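These numbers were taken from a predicted model, which means no experiment stands behind them. We name chains A, B, ... by the order of the sequence lines, and we start the count at 1 in each one.
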Amino acid sequence: MMTTRPQRTIRVWDIPTRVFHWCLPVAVIALFVSADTYAMELHALAGEAVLALVLFRLVWGTIGSQTARFRDFVVGPRGIADYLAGHPPKSLGHNPVGAMMVLALLGALLVLAVSGLFADDGIFYSGPLAGRIGNALAVRIGELHATGAYVLAALAGIHVLATLWHLLLRKRNLITPMLTGRIRTERDVPPPAFVGLPLACGIFTVAAGVVALLVHGLPS
Amino acid sequence: MTQDPRAMLRTLSVFTLVAASSLPATSLAASPKAERIAGYKASKLADATIKDALQAGNVSAVSEPAEAMAAFAARLTSLYPREVGDAFVSPSMEAILKNFPDFAQKADAFAASSRDLADRAAAGSPDLVQMRAALENLQASCLACHRSYLGR
């Protein structure tokens, strides 16, 4: 006779990771809408916000709470194969396939945010650092930036579809835990370790400062 | 072989522009729409290349991209259809087709200003100040069309 372990509720996502996670789609939607309507001041502002968020996440992924750390959830091909074969993931946070998406999204956002700083559309708008490189190179980067937006849109679409697939077909709700920070699990694992909110605030302040310095502070 | 990245970009842009503007209209590989898109992209890059060259005081580097842009500009109106077909038409294209005489006038201004710049660049001793003014004139023709038909 099979016994079912009792389910318990544990906290897996800290506040900084959740705030980061939900700020990102807001900023990305603002980026696409502003690009489409050519509201370039808003586009630049949203791009700077995304760059600050990504820089924060890269640091938080190194020294932040356990489930936010890359080494907690990023596994090699063998770990991915094991997960796909039905073995439970090591991390209580992102699963190994989700981890790949996290890296892909962060990489795409970083490339787009940095390229936007140097981009020139050749007609009306120049990124804040476009004047530091040649006009032709800035136009080329602008084209890369515009093409990269399609890659980001595709990645974001896959991410949303995967979440819906988990919700509707696997009956695993990944959305609510990203809001509440808590999951119900029957796995007998110790709760993750968390790092304090003040450190996250400090890291984000520094990240935002770095972006502000890059965009507005360097002498031309 | 040149190692200067700007020179490489210039060569690449000229090659792209020449390729885009010299394709025959009947080519199966390049539809008028594809030619238009490639030509506009290459013109944008040619404009930036010319700007770089003039900022560096290198007037000799202006001739090729300016000539290629003038060749594209001269063909521009022929790359547009004259009526809306059944296919999806963007708001910009719809506005162009509705106001084609105005668009053609703006395209003529683009052709004339790019030809002026190309001729000045090809002259025996090009004058940097006059060429900068010619480039501004060319960019104004781009802006006029973008403002009218792209709404920005």
Side-chain angles (χ1 to χ4, degrees), chain A residues 28-48 111-154 157 215 218-220, chain B residues 2 4-17 20 37-58 61-62 64-66 68-69 72 90-92 106 110 114 132 135-136 138-152:
Chain A
V28 168
I29 289 168
L31 283 167
F32 277 97
V33 171
S34 59
D36 193 50
T37 56
Y38 218 72
M40 295 312 287
E41 283 184 14
L42 173 63
H43 190 76
L45 196 64
E48 289 165 28
V111 168
L112 282 168
V114 172
S115 64
L117 297 176
F118 293 93
D120 188 331
D121 72 356
I123 304 287
F124 292 112
Y125 183 78
S126 295
L129 302 182
R132 296 182 157 266
I133 58 175
N135 292 296
L137 184 57
V139 165
R140 283 273 182 217
I141 290 174
E143 286 174 2
L144 169 81
H145 184 77
T147 307
Y150 291 101
V151 176
L152 177 63
V215 174
L218 289 179
S220 57
Chain B
T2 179
D4 179 4
R6 288 187 183 189
M8 286 170 69
L9 274 172
R10 191 166 58 238
T11 308
L12 193 63
S13 71
V14 169
F15 177 79
T16 311
L17 195 48
I37 292 168
Y40 278 130
K41 277 189 176 177
S43 292
K44 193 162 72 171
L45 193 54
D47 170 65
T49 303
I50 293 167
K51 226 187 297 180
D52 280 337
L54 292 181
Q55 277 171 3
N58 182 10
V62 173
E64 282 183 33
M69 193 159 26
F72 169 67
S90 68
S92 305
K106 288 181 164 64
F110 173 40
S114 55
R132 281 182 180 149
L135 178 63
E136 280 177 19
L138 166 61
Q139 288 167 339
S141 74
C142 299
L143 282 173
C145 206
H146 275 256
R147 286 206 173 106
S148 294
Y149 295 106
L150 285 174
R152 56 196 193 221

Among residues at least two apart in sequence or on other chains, which ones pass side chain to side chain contact (heavy atoms under 4.5 Å, CB included) with A/Thr147?
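For A/Thr147 there are no side chain to side chain contact (heavy atoms under 4.5 Å, CB included) partners, ignoring immediate neighbours.
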With sequence neighbours left out, what residues match B/Lys51 under side-chain hydrogen bond (donor to acceptor under 3.5 Å, both in side chains)?
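B/Lys51 satisfies side-chain hydrogen bond (donor to acceptor under 3.5 Å, both in side chains) with no residue once adjacent residues are dropped.
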State the CD1-CG distance between A/Ile123 and B/Asp47, to the nearest 0.5 angstrom.
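If we round to the nearest 0.5 Å, A/Ile123:CD1 and B/Asp47:CG are 7.0 Å apart.
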Looking at A/Gly142, A/Gly122, A/Ala138, which one has more heavy-atom pairs under 4.5 Å with chain B than the rest?
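Among A/Gly142, A/Gly122, A/Ala138, the one with the most close pairs to chain B is A/Gly122.
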Which pair of non-hydrogen atoms, one from B/Leu45 and one from A/Ala136, has the smallest distance, and what is that distance?
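Closest approach of B/Leu45 to A/Ala136, heavy atoms only: CD1-O, 3.5 Å.
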